[in-house]
Number of protein chains: 2
Amino acid sequence: MNASRLTDHTGYWMRMVSNAVSQEFARKVAGQDVTVAEWSFMRALYDLEPVPPSVLAEKMGMTKGAISKLAERLLAKGLVVRTENKDDKRAHSLSLTNEGRDKIPVLAALADENDAEFFDTLTREEHETLNRILKILAERRGLDATPVD
Amino acid sequence: MNASRLTDHTGYWMRMVSNAVSQEFARKVAGQDVTVAEWSFMRALYDLEPVPPSVLAEKMGMTKGAISKLAERLLAKGLVVRTENKDDKRAHSLSLTNEGRDKIPVLAALADENDAEFFDTLTREEHETLNRILKILAERRGLDATPVD
DNA sequence: TATTGTTATACTCTATAACTATA
DNA sequence: TATAGTTATAGAGTATAACAATA
């Protein structure tokens, strides 16, 4: 085990790059009064709504406690609503409000901008390969990779 | 801007995957009484020691305040030492202690294990491509990609 | 004055575990 | 008893900004 072997950990470099990307993106969405985790939550809702918190937790790789806390904040911001389940009073579903849904394209544009800033340095082929690999990895972990189109 | 376009954000998927990898790795290194950020810090030191905190901050994409806090914790654990700079009494350098250096191969083995768990699902070529791309991205951001060998 | 680094403060993110309400 | 979800608590990670010491 020599020094150069140590640099070969994919998880290490992925964390390094991902943190840089997310930190910069956090700055961008702060102007919209939204955090990165909130964007992620809203993006997932956009595909899945109406969805119970338990399913969202599974799809996002988070605990239900974490989802609950995030949901509460988005509820307070008026971006998300709860809908009661008539069959089971313990359960409910989460959806975007109109205000929340209207914010999606704005935030997506910022995400595009941020992606460009970091990934346009890659060739088109490299970028596509990276996307493909990331989706494979997400899918294998049961994270919410939308069905192959 | 339709729904399917929204799934194409590289940053989104990278964060999803990176968080899953780091969370699992955190569980693994917890048994060594080390956090993921501490491992990252120690790995960087392994390549750069002795190094002033300011340089480490730059190489790791963190603020000097964050480095200071991490360094203090590793100092308390006996894994890192400070060395005074005789020319400039404001400055100092950080290095691993023998105990810290001995821990590196143990932690690196856990990182290998964790990488295998997540990335062995890829073909060898895909894995190598991913590594190459991540290093390109890290380098362009001035993060401490060790010199090309 | 400028620079190196620390400290104080605050907030996000997340987990674990205890709890509540309903089934 | 089991399940859906919330709440309480705690700690990691990080930033910003004020500060101290030295240059």
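Since the structure is predicted, the reported quantities are computational estimates derived from the model, not experimental observations. Chain letters run A, B, ... following the sequence lines, proteins first and then strands; every chain starts at 1.
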Report the nucleotide, chosen from D:dA15, C:dT14, C:dT22, that has the shortest atom-to-atom distance to any side-chain atom of B:Arg15.
C:dT14
Indicate every side-chain donor-acceptor pair of residues 97-110 of chain B with a distance under 3.5 Å to a residue at least two apart or in another chain.
from     : atom 1 : to       : atom 2 : distance (Å)
B:Thr97  : OG1    : B:Gly78  : O      : 2.7
B:Thr97  : OG1    : B:Leu79  : O      : 3.3
B:Thr97  : OG1    : B:Glu99  : N      : 3.4
B:Thr97  : OG1    : B:Gly100 : N      : 3.0
B:Asn98  : OD1    : B:Arg101 : NH1    : 3.2
B:Arg101 : NE     : B:Glu49  : OE2    : 3.2
B:Arg101 : NH2    : B:Glu49  : OE1    : 3.3
B:Arg101 : NH2    : B:Glu49  : OE2    : 3.3
B:Arg101 : NH2    : B:Leu96  : O      : 3.0

Would you indicate what A:Asn85 reaches in the nucleic acid, counting non-hydrogen atoms under 4.0 angstrom: base, sugar-phosphate, or nothing?
nothing
Atom CD of A:Glu58 and atom P of D:dG5 are separated, to the nearest Å, by 12 Å
Whole angstrom value for the distance that separates C1' of C:dT6 from NZ of B:Lys89:
19 Å
A:Leu75 CG to D:dG5 P, straight-line distance once rounded to whole Å
14 Å
Can you check the A:Met60 CE to C:dC13 C1' distance for me, whole Å?
12 Å
What pairs with A:Ala91 under side-chain contact (heavy atoms from CB on, under 4.5 Å), at least two apart in sequence or on another chain?
A:Asn85, A:Asp88
Flag side-chain contact, heavy atom, 4.5 Å: B:Leu130 against A:Met14:
yes
Rounded to whole Å, please give me the gap between CG in A:Leu70 and C1' in D:dT6.
14 Å
Atom pair distance, as rounded to whole Å: CZ in A:Phe41 and P in C:dT12
16 Å
With the side chain of A:Arg90 defined as its heavy atoms from C-beta on, choose the nearest nucleotide among D:dT22, C:dA23, D:dA15.
C:dA23
Taking D:dT22, C:dG5, C:dA15 as options, the one with an atom nearest any side-chain atom of A:Met62 is C:dA15
So, is A:Ser54 near the phosphate of D:dT3, with a side-chain N or O under 4.0 Å from OP1 or OP2?
no
Please list, chain by chain and in numerical order, all residues satisfying salt bridge (Lys or Arg N to Asp or Glu O under 4.0 Å) with B:Arg27, sequence neighbours excluded.
B:Glu24
Nucleotides 7-12 of chain D: which of its N/O atoms have a protein N/O under 3.5 Å away?
none

Can you list, in residue-number order, the parts of residues 23-33 of chain A that come under 4.0 Å of DNA chain D, counting heavy atoms only?
A:Gln23
Would you call A:Arg124 and A:Glu128 a salt bridge, using N to O less than 4.0 angstrom?
yes
Mind checking if A:Asn19 touches a base, just sugar-phosphate, or nothing, with heavy atoms under 4.0 Å?
sugar-phosphate
May I have the list of side-chain donor-acceptor pairs in residues 54-76 of chain A shorter than 3.5 Å, sequence neighbours left out?
from    : atom 1 : to      : atom 2 : distance (Å)
A:Thr63 : OG1    : A:Ala66 : N      : 3.2
A:Arg73 : NE     : A:Glu38 : OE2    : 2.6
A:Arg73 : NH2    : A:Glu38 : OE2    : 2.9

What contact category does A:Thr63 fall into here, base, sugar-phosphate, or nothing, at under 4.0 angstrom with non-hydrogen atoms?
base
Specify the separation, in whole Å, of atom CG of A:Leu94 and atom C1' of D:dT6.
13 Å
side-chain contact (heavy atoms from CB on, under 4.5 Å) partners of B:Ser93, counting only residues at least two apart
B:Pro50, B:Pro52
Which pairs, with at least one residue in residues 82-141 of chain B and sequence neighbours excluded, count as a ring pair (Phe, Tyr, Trp, His ring centres under 6.0 Å)?
B:Phe119-B:His127
Whole angstrom value for the distance that separates P of C:dC13 from CH2 of A:Trp39
15 Å
Reading DNA chain C from 5' onward, which residue's closest nucleotide shows up sooner: A:Gly61 or A:Asp88?
A:Gly61
Going by the rule side chain to side chain donor-acceptor pair (under 3.5 Å), which residues pair with A:Ser40 if we only count those two or more places apart in sequence or in a different chain?
B:Arg15
Enter the distance from A:Met16:CE to B:Leu137:CG here, rounded to the nearest 0.5 Å.
12.5 Å
Starting from the 5' end of DNA chain D, give me the residue, B:Lys86 or B:Glu38, whose nearest nucleotide shows up first.
B:Glu38
